[in-house]
Amino acid sequence: MAIPNAPTRPSEFVRIEARALLELAIRLDGPMLAPFERAAELVVEAIARGNKVIVLGIGKSGLIARKIAATMRSTGTPAHFLHPAEALHGDLGMVARGDLVLALSSSGETGELLALLPALGRLGNPLLSLCGSPASTLAQASAVSLDASVTAEACAFNLAPTASTTVLLALGDALALEVSRLRGFQAADFADLHPGGRLGKRLARVRDLMHTGDALPQVAPATPMPQVIHEMSHKKLGMTTVLAEDRALLGMISDGDLRRLLERDGRDALARAAADMMNSRPVTIAPEAFASEALALMEDRKITSLIVTTPGGEALGVLHLHDLWTAAHS
């Protein structure tokens, strides 16, 4: 039988979970701020010792625990999920002395979790918990316990874990991100941990995408125009670099530059050399820049190619807009 005043509209289910998150945020601005900061410090200290975070949970809390462990790994904190029941039958071997244990439980009385406490104590594992019942056995056994309680579940019977799992997830994400911030995790570190998929492509380095070696269009300042046209046509990037003997970038010539020269000089254009028509101030980018940065620069400057250079001005490669658009948006 449904409880009185139970939600009947889909939007109300969402509002119940939203209210639970708001209540969590209020606690984090108030009495929970100090224990939250201490929990983050304990994680940072464990990682600094060379240890990792072991995240525990069972049932719906276990599903959230897996996500929190994944978020921690994604943001630079070594973390692994461990199923409490499997831990009781041998998988506890993955826990090293000094590893920090983060346990999730709505009730704080989950039998499989409580059965692990003596073994974790013998191993010297600091225990943190995200718990819906601050007075529970798990919360009281923890070095720090963060209050993940909710006023009500979104379930019409106030039974199915809904608002409570949402709060657990948000609290775990907040902890992971605070630890990441304290450890100085940067976008460059994030890129190194995400080489695949859409994120990996957006965070790819320019050096990994540029055309280089034989694929780099290049001519000398004295190269006659017919050879310049051949180089541009052969390399198929719609441009060519103009390089000194030491590979220092002197300029670039684009399809647009070539069209304007032909319109202005007609047949006489073919008598000119690369140095006569090159753009001596082309837009460049560093090899360490991200693909998304290069794309934004091209779109802002309304150009289709960027020349990749060292700080000293040596040409390393060329990026084309099509390649970058694909990398940033696929």
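Quick caveat: nothing in here was measured; it's all calculated off a predicted structure. Residues: numbered from 1 along the sequence shown.
Follow the hydrophobic side-chain contacts under 4.5 Å out from L297 and you reach V206 in the same cluster. Placement of L21 and I64 within a single hydrophobic cluster is found when ILVMFWY residues are connected by side-chain heavy-atom separations under 4.5 Å, directly or transitively. Under the 4.5 Å side-chain heavy-atom criterion for grouping Ile, Leu, Val, Met, Phe, Trp and Tyr, L321 is connected to L306 within one hydrophobic cluster. At a threshold of 4.5 Å between side-chain heavy atoms, the hydrophobic network of Ile, Leu, Val, Met, Phe, Trp and Tyr places V144 and V167 in one connected group. Clustering ILVMFWY residues whenever any of their side-chain heavy atoms sit less than 4.5 angstrom apart, transitively, puts L171 in a cluster other than the one holding L138.
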>> If you apply the rule side chain to side chain donor-acceptor pair (under 3.5 Å), what do you find for D99 with N125, and how did you get there?
In response: CA-CA 5 Å; D99 284 347; N125 299 109; 5.2 Å; no
>> What verdict does the side chain to side chain donor-acceptor pair (under 3.5 Å) test give for S107 and S133, after you've listed the backbone C-alpha separation in whole Å, the side-chain angles of each residue and the deciding distance to 0.1 Å?
In response: CA-CA 6 Å; S107 68; S133 177; over 6 Å; no
> How far apart are the C-alpha atoms of L102 and L175, what are their side-chain angles, what is the distance that settles it, and do they pass the side chain to side chain contact (heavy atoms under 4.5 Å, CB included) test?
Replying inline: CA-CA 11 Å; L102 175 62; L175 181 61; 4.1 Å; yes
>> Is there a side chain to side chain contact (heavy atoms under 4.5 Å, CB included) between L128 and V101? Walk through the geometry before answering.
In response: CA-CA 6 Å; L128 305 181; V101 173; over 6 Å; no
>> Before you tell me yes or no, could you show the steps for T77 and R73 under side chain to side chain donor-acceptor pair (under 3.5 Å), namely the whole-Å CA-CA distance, both residues' side-chain angles and the distance that decides it to 0.1 Å?
In response: CA-CA 5 Å; T77 300; R73 291 193 298 271; over 6 Å; no
> Does the side chain to side chain donor-acceptor pair (under 3.5 Å) test come out yes or no for T166 and E17, once each step is laid out?
Replying inline: CA-CA 7 Å; T166 299; E17 297 198 13; 2.5 Å; yes
>> Between L249 and E314, does the side chain to side chain contact (heavy atoms under 4.5 Å, CB included) criterion hold? Intermediate values first, please.
In response: CA-CA 6 Å; L249 178 65; E314 178 186 349; over 6 Å; no
>> Go through it in stages, so that I can follow the logic: the residues are H211 and L216, the test is side chain to side chain contact (heavy atoms under 4.5 Å, CB included), and I'd like the CA-CA distance, side-chain angles, deciding distance and then a yes or no.
In response: CA-CA 6 Å; H211 300 266; L216 170 64; 5.6 Å; no
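Salt-bridge check for R9 with E12: failed, with every basic side-chain N at 4.0 Å or more from each acidic carboxylate O. Using a cut-off of 4.0 Å between Lys/Arg side-chain N and Asp/Glu carboxylate O, R181 and E178 are scored as salt-bridged. The pair K235-E231 meets the salt-bridge criterion, with a side-chain N (NZ, NE, NH1 or NH2) lying under 4.0 Å from an Asp/Glu carboxylate O. By the 4.0 Å N-to-carboxylate-O rule, D208 lies too far from R205 to be salt-bridged with it.
Inter-residue side-chain proximity for V283 and I303 is flagged as met; some heavy-atom pair is nearer than 4.5 Å. In this structure the side chain of L319 reaches within 4.5 angstrom of the side chain of M298, judged on heavy atoms. At least one side-chain heavy atom of I58 sits under 4.5 Å from a side-chain heavy atom of H83. Taking the side chain as every heavy atom from C-beta outward, T241 and I253 never approach each other to under 4.5 Å. A 4.5 Å side-chain heavy-atom check between P35 and R38 finds every atom pair outside the cut-off.
Separation of atoms CG (L24) and CG (D147) is listed at 8.0 Å; rounding is to 0.5 Å. To the nearest 0.5 Å, atom CG of residue D300 and atom CG of residue L295 are 11.0 Å apart. In this structure, OG on S180 lies 9.0 Å from CG on L182, to the nearest 0.5 angstrom. In this structure, E245 CD and L250 CG are separated by 10.5 Å, a value rounded to the nearest 0.5 Å. Note that CD of E263 and CG of L258 are 10.0 Å apart. Values are rounded to the nearest 0.5 Å. The distance from the CG atom of L209 to the NE2 atom of H320 is 13.5 Å, given to the nearest 0.5 Å.
Counted within 6.0 Å of CZ on R15, heavy atoms from surrounding residues, nucleotides or ligands total 12 or fewer; the atom is thus considered open. Summarising the local packing, CG of D214 is surrounded by 12 or fewer heavy atoms from other residues, nucleotides or ligands at distances under 6.0 Å. Around the CZ atom of R264, the shell of radius 6.0 Å holds more than 12 heavy atoms that belong to other residues, nucleotides or ligands.
When atom types are taken as modelled, the side chain of D29 and the backbone of I26 share no donor-acceptor pair closer than 3.5 angstrom. Q140 places a side-chain N or O within donor-acceptor distance of the main-chain N or O of P134, the cut-off being under 3.5 Å. Looking only at distances, no side-chain donor or acceptor of R272 sits under 3.5 Å from a matching main-chain atom of M277. In this structure, T110 contributes its side chain and L113 its backbone to no donor-acceptor pair below 3.5 Å. Looking at T75, its side chain does come within 3.5 Å of a backbone N or O of T71 through a donor-acceptor pair. E293 places a side-chain N or O within 3.5 Å of a backbone atom of F290 that can act as its donor or acceptor partner. Between the S164 side chain and the P161 main chain, no donor and acceptor come within less than 3.5 Å of each other. Distance alone, capped at 3.5 Å, places no donor-acceptor pair between the R207 side chain and the A289 backbone. Judged purely by atom type and a 3.5 angstrom limit, R27 uses its side chain to pair as donor or acceptor with the backbone of S149.
Minimum heavy-atom separation, A269 to L262: CB-CD2, 3.7 Å. Here the closest heavy-atom approach between residue I68 and residue G172 is recorded as CD1-CA, 3.5 Å. Minimum heavy-atom separation, P78 to I47: CD-CD1, 3.8 Å. Taking each heavy atom of L114 and G108 in turn, the nearest pair found is CD2-O, 4.0 Å. What you find for A143 and L42 is that their closest heavy atoms are CB-CD1, 4.4 Å. When all heavy atoms of L169 and K67 are compared, the closest pair comes out as CD1-CG, 3.3 Å.
V242 pairs with exactly one of T223, V219, V228 by the side chain to side chain contact (heavy atoms under 4.5 Å, CB included) rule, that one being V219. The only member of V318, T304, D255 that meets side chain to side chain contact (heavy atoms under 4.5 Å, CB included) when paired with M239 is V318.
Taking the six-membered ring where tryptophan is involved, the planes of H234 and H230 are essentially parallel, since the angle between them stays under 30° and well short of 60°.
Donor-acceptor pairing under 3.5 Å is recorded for the side chains of T162 and E153. Side-chain polar atoms of S61 and S105 form no donor-acceptor pair below 3.5 angstrom. For the residue pair S136 and E109, no side-chain donor N or O sits within less than 3.5 Å of a side-chain acceptor on the partner.
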